[in-house]
Each structure stands twice: as structure tokens, then as C-alpha cells.
Amino acid sequence: MKHITIKNALGGNGANETILIRGWVRTRRDSKDFSFLAINDGSCLANIQVIVDQGIPGSEDIQQATTGASVEINGKLVESPGKGQAWEVTAESMTVLGSADESYPLQKKGHSPEFLREIAHLRPRSNLFGCVFRTRSRLAYAIHQFFQERGFYYIHTPIITASDCEGAGEMFRVTTLDGKAMEADPDGATDFFGKPTHLTVSGQLEGETFACALSNIYTFGPTFRAENSHTTRHASEFWMIEPEMAFCDLVADMTLAEEMVNYLIRDTLEHSAEDLGLFGKFVDKELISRLESVIEKPFERISYTTAIELLANSGQDFEHPVEWGVNLQTEHERFLTEQHFKGPVTVHDYPKSIKPFYMRSNDDGKTVAAMDLLVPGIGEIAGGSQREERLDVLLENMAAHDISSEDYAWYADLRRYGSVPHAGFGLGFERMLMFVTGVANIRDVIPFPRTPGNAEF
RNA sequence: UCCUGCGUAGCUCAGCGGUAGAGCGGGUGGCUGUUAACCACUAGGUCGUUGGUUCGAAUCCAACCGCAGGAGCCA
């Protein structure tokens, strides 16, 4: 007997043959002499309809085939006489592998994402979350494909790091010391690594070392931030993609980021079409048209200075004042992407004072070669910069940011030996997934979300 | 960390000072090539917790807990 996924069976593979399918019951409708089962195995969004005639082997257990139960069906894949599906299975035998009693929390009706979040171990069995996580898988694959096609090498940067001041937020301490021992040893001399260590907030600095050797590299891995933020866009554990390119300036960096976002949208539209259909129907009615408009329309590019002028002259009544030198607030980003340009915008050349030490100083002495890629609905989806490749300027910046030149001697060495202009950016994987699915909360695009006060499962 | 809103049946919610309700889901029965099926019957709740106001509190007030949204920070 040939086991076949429901996705393949619905595609007509194994037509008019006896096949074996396995999955979980979504609904059962009983008739006098037979029952309809809707079976889902997660291989695709759609269920397959199975007809279980009274009297076939296993049909005496049909009452056990309730919503949530797992079953194995031997049967013939035939064209369906009914409306609503092209193919169905006429069962020759049925086995209930695992029953599910009336306490099974997923019902035939739709559930709110908030309720499903409380049962994160069962929510992948819902339509919405099945679609999200199939799309997540495909998006991860597309990211590798994008870089591999362009000759980038995939680098695994460390998860545990002793670099503790990358300016990217609060860090989680990694230690084998207990509370008292840690208090007695603030320098971590007796700790596992002989110094204080943390979970990485970015692989960028390590990524730069490999770009200055293999030319074009990217990282794609988990990232940890101990910020106490309660928003729909922040998680304590998330995944980030960080390309880094040697012999590269800010303009080429922006181009790569824009091409990447475009590529990922195209890939999703092409390869996750069925799942996207559900998002377009139940999550965000304008999703598909928005994604299509993004890939048709070139990205807007404006300098930070121009953006400030534009905001100041917009006539909008912003809660936060608009003035040169301050960070763009959420309301400012929203105005730019959702009202003014109605699409993604890349903002570049930010004031030096609001950006980290490693960004390259521009000749005007006031700005750095930084860029943020903003998209409607989410805000910043990627941020990057050209890196400071001049040793003396870098050392000055480190001193100005109070960063130990001893701890970062290895980083400065990249400028001491064969320094080259280089640039890169970080793209939040979940934010990209939110953008292509329309799902509004980051907690609903991560299998088991970690947020302040929540590390269940 | 700050601001706002919401906690009533398994789920979604109504009730907003006077005997706890609906739809869906569950159970039972019926009917039907059905398709989030349909019809009938039925079980199910210390109204988040604690305290206060009141003759009387799900309803008004306070604190706490939980959840959600917004801000900041960022990806």
C-alpha cells in the first residue's frame, strides 16, 4: 500500500488506485449508511474528503473518529461526484490511531488567534497556523536560495558571545554561576567562560570578519533581546538574516535589501499561493494587492534629511516633534509608508548621534551611511549601513561611544590588515513573514513565542 | 517602564443595580452525497480574585492578577 500525502492526493496522484492516507479528522458528517470524514495531514491547507461506508473494516469505530482524532485510511482515490472537491477517497478500511475526546480544544468553527496562542502546542492543527508555518518554511528556504544564487556563503556566527555592547539592546546573561556566586564575581572570572557572556543580539561583527575573507556572506539564525517590550512587533527570541558584503557601499547595500524583499514576495506569491489565499480571505483582504503593488513599484529612496523636511512640511499633527537629529518615530514611519508614498521606503544617511559606532561617517561630518527599509503596516523591516573601514575613524568612534578598544581589538584588526569598504544589513525574519502573510502579531508567526513573562512550552 | 481597554458556559459574546442569557461547540435522537450540513431535545456558570458601597452587585468603587492594544526601544 502506497502512503501518499493529502497534498499529492488532491493533485490527483494515485488516481483510481488504492492509496493510504494518514491524518487528523477535522469534521465528520454521518449519513444513514456511511460517514464523510474531512482529513488533514498538514501537507497543505485543504482537507481530503473520505467516504466511510458502514461495514468496511474499522467502520465500527467511526464514533471514535471525532474532530482531532488521528486516522489511517486505505481507500480508492476517485473523482468526487459532489461539489466542493475534485477528488475524494472511498475508504476500504479505516483505523483510528488515536482518539480525541470532547475536551479537544479545537472546534469546527474558527477561533481567535489569542485563544489559539494559549494552546500553542495544538494551534498548528488549525487552518491559520498551518498556513503560517508552511509559509514560514518556504520563506526560510527562499532566503537561502536568494543568497546562494548570488554566491553568498552561509556563515554560522556564535549564539553565545562576550561582545556585550553592540548597541542593539539589552542582553540575556549566560552563566553557570548561581546568584550569590555571580554577585561575588561581577567580572565573571570564575564563570564558565572566564568572563561574562550573553546570548547574541546580532551576528554582524562576526559576520564582518567573514565578509573580509569570503567577500559575500550571510547569517540566518536566532537572536535574543532582553528588552521589556510589549508590542505586536517584538519577541525576546527571533530569527534574523544578516548579509555582509566586502567591496560594497551603501547604495549597493540598499539595492540588495530592496531586491531581497522583492524576491521574497515574489517567491511567496508563487510558492505559497494556497496559504496566501487564506490570509487574503481571513487575515487581510488587501494583502495580495499590496504585495503585488510592492513588486511592481520601485522602492522609494530618500535621505533622512529629506524625510525630516517632508514630515515637517506635511501639515500633519504629530505627537512627537519632527526635528533634525531625532529618530523617526512610529507615527512618522507610518506617515511615510502608508500615506505619503503608499509603499516601502528606504531612508538613508541618518544623523551620526543616533547610530552605533561601526557605521561609516559621511564627509559632511554629521551623518553616517546608514539605511532603514520601512514597509507599510510594520515599519522597519531591515536596517543596515556601510561600515567604517578607516581604522583611525573607527577608533575615534569607539572612544566616543565608550567601547573598549581592547575587547574589540579583533574587530579593529579588520581595518588594520587589508581593510576594504564593506556594508550589510539585518532583516527580521518574523517581520518579513508578517509582511507577506498579513498576520499582525509577531507571536503568531513564531512556533513558540518568547516574550517578557512568557516562555511556555 | 508608561498609557488605554477587556476579563460572564469549552469558544465568541449579550446582559451594565432587582430570579444568569444567546450562537457555536459537547451529549442524545432523527434526517440527508454531505461539505464550518440540517431539525429536535439535553447537560454545562462561586459572572478573574479580594475588599468596599448598597436592603440587594455580573452590573458601581478600589486594589491585585491575567490578557489585548498603543507608546518607547528595535529586527
Side-chain angles (χ1 to χ4, degrees), chain A residues 26-39 46-53 63 66-68 78 80-85 88 90 100-119 126-127 166-170 200-204 220-242 257 282 318-320 326-334 354-356 372-375 378-384 425-435 440-446 451-454:
Chain A
R26 285 296 178 79
T27 66
R28 189 186 81 229
R29 293 177 293 276
D30 294 321
S31 205
K32 191 172 239 163
D33 304 319
F34 59 94
S35 297
F36 293 103
L37 293 180
I39 309 294
N47 304 324
I48 197 163
Q49 174 160 287
V50 176
I51 287 79
V52 180
D53 279 318
Q63 292 302 319
T66 54
T67 301
V78 297
S80 175
K83 284 180 184 164
Q85 62 278 318
E88 65 182 26
T90 307
D101 68 17
E102 63 278 0
S103 65
Y104 182 65
L106 290 172
Q107 304 174 358
K108 295 178 197 180
K109 64 170 202 157
H111 288 291
S112 67
E114 290 79 14
F115 170 70
L116 291 167
R117 221 172 276 157
E118 294 168 15
I119 49 167
S126 68
N127 283 341
E166 292 163 13
E170 295 295 313
T200 182
V201 293
S202 164
Q204 181 203 314
F220 184 7
T223 308
F224 306 89
R225 304 271 168 97
E227 295 287 353
N228 186 21
S229 20
H230 294 97
T231 80
T232 53
R233 307 179 300 284
H234 291 86
S236 312
E237 178 183 295
F238 62 100
W239 286 60
M240 188 156 66
I241 299 102
E242 295 180 286
F282 294 114
F318 292 115
E319 198 181 317
H320 299 271
V326 301
N327 242 319
L328 293 182
Q329 304 296 314
T330 300
E331 58 177 343
H332 304 147
E333 296 178 354
R334 292 186 75 108
I354 56 172
K355 290 293 183 183
D372 281 346
L373 208 161
L374 312 177
V375 295
I378 291 169
E380 185 181 343
I381 200 167
F425 64 87
L427 180 129
F429 181 56
E430 283 79 13
R431 288 195 181 171
M432 188 68 212
L433 188 57
M434 289 166 74
F435 188 64
N441 196 314
I442 197 167
R443 284 166 278 201
D444 297 331
V445 296
I446 304 183
T451 52
N454 192 349

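Nothing here was measured: the structure is a model prediction, and the numbers come from that model. Lettering of chains follows the sequences in order, A, B, ..., and the numbering in each one begins at 1.
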*asked:* How long is the straight-line distance from CG of A:Asn441 back to CD of A:Glu430, given to the nearest 0.5 Å?
replied: 12.0 Å
*asked:* For a quick check of understanding: with a heavy-atom distance under 4.0 Å over all strands, which category does A:Glu88 fall into, base, sugar-phosphate or nothing?
replied: base
*Spacing of A:Gln49 atom CD relative to B:rA37 atom P, expressed in whole Å*: 11 Å
*Would you indicate which nucleotide in B:rU34, B:rA75, B:rC11 comes nearest to any side-chain atom of A:Met240?*
B:rA75
*Give the rounded distance in Å between these two atoms: NZ of A:Lys355 and C1' of B:rC73.*
12 Å
*Using a 4.5 Å cut-off on heavy atoms from C-beta on, say whether the side chain of A:Glu88 contacts that of A:Val78.*
yes
_At 4.0 Å (heavy atoms only), tell me whether A:Phe36 reaches a base, stays on the sugar-phosphate, or touches nothing._
base
*Just wondering, do A:Phe220 and A:Trp239 contact through their side chains at under 4.5 Å, heavy atoms?*
yes
_For the P atoms, the ones on B:rG5 and on B:rC61, what distance do you get once it is rounded to whole angstrom?_
11 Å
Using a cut-off of under 3.5 Å, enumerate the N/O to N/O pairs linking the protein to nucleotides 29-32 of chain B.
from: B:rU32; atom 1: N3; to: A:Asp30; atom 2: O; distance (Å): 3.1
from: B:rU32; atom 1: O4; to: A:Asp30; atom 2: O; distance (Å): 2.2
from: B:rU32; atom 1: O4; to: A:Ser31; atom 2: N; distance (Å): 3.1

*Any strand is fair game: report the nucleotide pairing with B:rU28 by Watson-Crick or G-U wobble, both distances under 3.5 Å, or none.*
B:rA40
*Who are the salt bridge (charged side-chain N to carboxylate O under 4.0 Å, His left out) partners of A:Arg117, not counting sequence neighbours?*
A:Asp444
_Residues in salt bridge (charged side-chain N to carboxylate O under 4.0 Å, His left out) contact with A:Arg443, at least two apart in sequence or another chain_ = none
*asked:* Measuring from the side chain of A:Ile442 (C-beta onward, heavy atoms only), which nucleotide among B:rC11, B:rA75, B:rG33 has the closest atom?
replied: B:rA75
*Spacing of the P atoms in B:rG56 and B:rG21 (rounded, Å)*: 23 Å
*Least distance between heavy atoms, A:Arg431 atom then A:His234 atom*: NH2-NE2, 3.6 Å
*Quantified in whole Å, what is the C1' atom distance between nucleotide B:rG27 and nucleotide B:rG52?*
43 Å
_Expressed as a whole number of angstroms, how long is the span from A:Lys108:NZ to B:rG25:P?_
7 Å
*B:rU54 - base-pair partner by Watson-Crick or wobble geometry, distances under 3.5 Å*: none
Between N or O atoms, less than 3.5 Å apart, protein on one side and nucleotides 3-9 of chain B on the other: list the pairs.
none

_Once hydrogens and angles are ignored, does a donor-acceptor distance under 3.5 Å link the base of B:rA36 to the side chain of A:Arg26?_
no
*Scan A:Pro81 against the nucleic acid and name what it touches under 4.0 Å (heavy atoms): base, sugar-phosphate only, or nothing.*
base
*Do A:Ile442 and A:Arg233 have side chains that get closer than 4.5 Å, going by heavy atoms?*
no
_Can you list everything that forms a side chain to side chain contact (heavy atoms under 4.5 Å, CB included) with A:Phe115? Sequence neighbours excluded, please._
A:Pro105, A:His111, A:Ser112, A:Glu118, A:Ile119
*Please evaluate the base of B:rG27 for a donor-acceptor partner in the side chain of A:Glu102 within a cut-off of under 3.5 Å?*
no
*For atom OH of A:Tyr104 and atom P of B:rC11, their distance in whole Å*: 15 Å
*If the P atom of B:rC64 is compared with that of B:rC3, how far apart are they to the nearest Å?*
11 Å
_Test of understanding: with salt bridge (charged side-chain N to carboxylate O under 4.0 Å, His left out), list the residues that count as partners of A:Glu242, not counting sequence neighbours._
none
*Across the strands shown, which category fits A:Ala235 at heavy-atom distances under 4.0 angstrom: base, sugar-phosphate, nothing?*
base
*Atom-pair distance (CD on A:Gln63; C1' on B:rG27), nearest Å*: 11 Å
*Using purine N1 to pyrimidine N3 plus N6-O4 or O6-N4 for Watson-Crick, or N1-O2 and O6-N3 for G-U wobble, each under 3.5 Å, what pairs with B:rU59?*
none
_Let's test this: given Watson-Crick or G-U wobble pairing with both distances under 3.5 Å, identify the partner of B:rA71._
B:rU1
*Integer angstrom distance from the C1' of B:rC74 to that of B:rG15*: 43 Å
*Give the rounded distance in Å between these two atoms: CZ of A:Phe115 and C1' of B:rU12.*
11 Å
*For A:Tyr104, what residues pass the ring pair (Phe, Tyr, Trp, His ring centres under 6.0 Å) criterion, not counting sequence neighbours?*
none
_Side chains of A:Gln204 and A:Phe425 in contact at under 4.5 Å (non-hydrogen atoms)_ = no
*Set of side chain to side chain contact (heavy atoms under 4.5 Å, CB included) partners for A:Ser103, sequence neighbours left out*: A:Asp101
_I'd like to check the salt bridge (charged side-chain N to carboxylate O under 4.0 Å, His left out) partners of A:Arg334; sequence neighbours left out, ordered by chain and number._
A:Glu338
*Earlier contact from the 5' end, RNA chain B, for A:His111 and A:Gln85*: A:His111
_According to a cutoff of under 5.5 Å between the ring centres and under 30° between the ring planes, does A:Phe238 stack with the base of B:rA75?_
yes
*Could you work out the separation of B:rU54 and B:rA62 based on their C1' atoms and round it to a whole Å?*
16 Å
*Using the P atoms only, state how far B:rA20 lies from B:rG48, rounded to an integer number of Å.*
15 Å
_Any-strand Watson-Crick or G-U partner of B:rG7, both distances under 3.5 Å_ = B:rC65
_Holding to side chain to side chain contact (heavy atoms under 4.5 Å, CB included), I want the full list of residues that pass it with A:Glu102, two or more places apart in sequence or in another chain._
none
*side chain to side chain contact (heavy atoms under 4.5 Å, CB included) partners of A:Ala226, counting only residues at least two apart*: A:Glu170, A:Phe172
*asked:* Can you tell me the base-pairing partner of B:rU12? Count Watson-Crick or G-U wobble geometry only, both distances below 3.5 Å, and say none if there is no partner.
replied: B:rA22
*For A:Asn327, which contact category applies under a 4.0 Å heavy-atom criterion: base, sugar-phosphate, or nothing?*
sugar-phosphate
*Sequence-aligned protein contact record of nucleotides 67-72 of chain B, with B where the base is within under 4.0 Å of a protein heavy atom and S where only the sugar-phosphate is*: -SSSBB
*asked:* Can you measure A:Leu106 atom CG to B:rA36 atom P for me and round it to whole angstrom units?
replied: 18 Å
*Determine the Euclidean distance between corresponding C1' atoms of B:rG33 and B:rG26; express it in Å to zero decimal places.*
26 Å
*Of A:Gln107 and A:Thr66, the one whose closest RNA chain B nucleotide lies more 5'*: A:Gln107
*Base, sugar-phosphate, or nothing: which does A:Ser112 touch, judged by heavy atoms less than 4.0 Å apart?*
sugar-phosphate
_Whole-Å gap separating C1' (B:rC74) and CG (A:Leu374)_ = 12 Å
